[in-house]
Q: 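Before I ask anything, let me first share the structure, which is written out below as structure tokens.
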Number of protein chains: 2
Amino acid sequence: MSAAAPRRTLNRQVLADHVHEELMSWLIDGRLEAGANLSIDGIARDLDVSPTPVREALARLEHTGMVRRVALKGYKVAPLFTAPELAQLVDARLMIEPVNAELACARSTPQLVDDLKQTIEDLRHAPTGASYAEFREYWKADEDFHRLIAEHTGNPFILNAYRTLGGQVQRFRFFAGLGVTDADNAIAEHTAILDAFAAGDAAAARAAMVAHLNGVKQRSILDSAEHP
Amino acid sequence: MSAAAPRRTLNRQVLADHVHEELMSWLIDGRLEAGANLSIDGIARDLDVSPTPVREALARLEHTGMVRRVALKGYKVAPLFTAPELAQLVDARLMIEPVNAELACARSTPQLVDDLKQTIEDLRHAPTGASYAEFREYWKADEDFHRLIAEHTGNPFILNAYRTLGGQVQRFRFFAGLGVTDADNAIAEHTAILDAFAAGDAAAARAAMVAHLNGVKQRSILDSAEHP
DNA sequence: CATAGATAAATCCTATAGGAACTACCGATA
DNA sequence: TATCGGTAGTTCCTATAGGATTTATCTATG
């Protein structure tokens, strides 16, 4: 690149971050087929970037489970979940999130209740169309609700464990297409959890979270049966 | 590098993997001070490698929590744990591992029982000296015990969540220096868990794991009070 | 016709070059 | 003396070059 001028000299931001976000959005939106090869050079060409930042972005992405790496072979998009895997994912969430709800409720603040209420409002108003952009708004509101609770446990390790699951949740939700089908259920169940928070009833919060996740589990299994 | 011949032409393995393991061992062994700058170029010089694989290794390492990154600033060794953080870490383990014990016990096999017994043997025979090499043997036996159980839940997401914690456990264990002080307790408590597995009593396995982790929590707090 | 070998392309991986920003230090000037 | 400015060094970040290996294609031979 001695003839052509450098493309981004004043753009004081890390290119690898941009690549990372771009790939993330491709993966969440399902623009990439499961099992597809993620060629480093190819992505670099597509994004008009050198392979170096692509390499770094993929390395960061690997631990989310959305991308698999084989040494000296390259990266691939991880395969889609099977129905049993969907159930297992919710089982793992059932291990963590009810405790989160109980802990967060015990340390709840009016601010938290307001924030949670806001995510439910967002959920209610988010379009449930099939478009990826729309779907993402819905997903974000849903994710925010659960993440806020995880953050309010006050335990960073728990939050980290929840995040580890969350990376997978993204793909799971897209795959199952729940954003379109179970909005009413999700809003009702989130509201039940919120009510427990507002009342300061930690045991009820825990129970409501269990009920919610069991609902998610059942509905996702049904959905995945319809879309083999 | 046109004059000097390429250093590793036949070495058919990824250099970034080697750098990754090397950094990991530096971090676990405590050879790196907390808060120290991890200069990409500097590490490259030290390991006689170009910055590219170092960059990739650090990107992979970031999610373990042992290393922090600030865009355009570089990487630093994460600060050591405080006593409340140690307690929180065990709290997070208490959320996951008792369930693991219950699930794994329900699906237990003679093979698993044998493997667990072996880790206890290793624990018993591992030197408890202050040398890093010795300490690592002890830590590995301990880690194997807990990981085997997590693997036998049959739920890859749970295993993943446990691993997320595990990355932190490494530093925690080194920091607190438990490997030297509580070997007898750990062996006894692991044996109690093993007995429950051998008897096929899932509830007892769960209870024994709770007791073990509570023991770890108390002892680590005591230790960290002694070594401020 | 089928198969073996060679050529070309794609790919991963590492090294190197160089730009931009920050830091430290040192000398010159008000 | 104190402050300002410049220079060298370090560091992060990205681009580019090139080696090694695999894959695909195509040709030549049995």
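The figures here come from the full heavy-atom set of this structure, side chains too, leaving out hydrogens, waters and symmetry mates. In what follows, chains carry the letters A, B, and so on, assigned in the order in which the sequence lines appear, proteins first and then strands, with residues in each chain numbered from 1. Because the structure is a prediction, the values reported are computed rather than measured.
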Q: Just checking, is any N or O donor in the side chain of A:Q13 or A:H18 under 3.5 Å from an acceptor N or O on the other one?
A: no

Q: Rounded to the nearest angstrom, tell me the gap between atom CG in B:N37 and atom P in C:dC22.
A: 16 Å

Q: Any salt bridge (charged side-chain N to carboxylate O under 4.0 Å, His left out) involving residues 57-74 of chain A? Give me the pairs, sequence neighbours left out, ordered by first then second residue.
A: A:D17-A:R60, A:E56-A:R60, A:R69-B:D17

Q: Look at the rings of A:F145 and A:H190 and say which category their plane angle falls in: under 30° parallel, 30 to 60° tilted, over 60° perpendicular.
A: parallel

Q: Enumerate all atom pairs, one protein N or O and one N or O from nucleotides 11-13 of chain C, separated by less than 3.5 Å.
A:
from: C:dT11; atom 1: OP2; to: A:R45; atom 2: NH2; distance (Å): 3.3
from: C:dC12; atom 1: OP1; to: A:I40; atom 2: N; distance (Å): 3.3
from: C:dC12; atom 1: OP2; to: A:I40; atom 2: N; distance (Å): 3.1
from: C:dC13; atom 1: OP1; to: A:L72; atom 2: N; distance (Å): 2.7
from: C:dC13; atom 1: OP2; to: A:R55; atom 2: NH1; distance (Å): 3.3

Q: Distance alone, cut at 3.5 Å: any donor-acceptor contact between the side chains of A:D115 and A:Q111?
A: yes

Q: Taking B:K140 first and then B:D144, would you say they form a salt bridge - that is, a charged N and a carboxylate O separated by under 4.0 Å?
A: yes

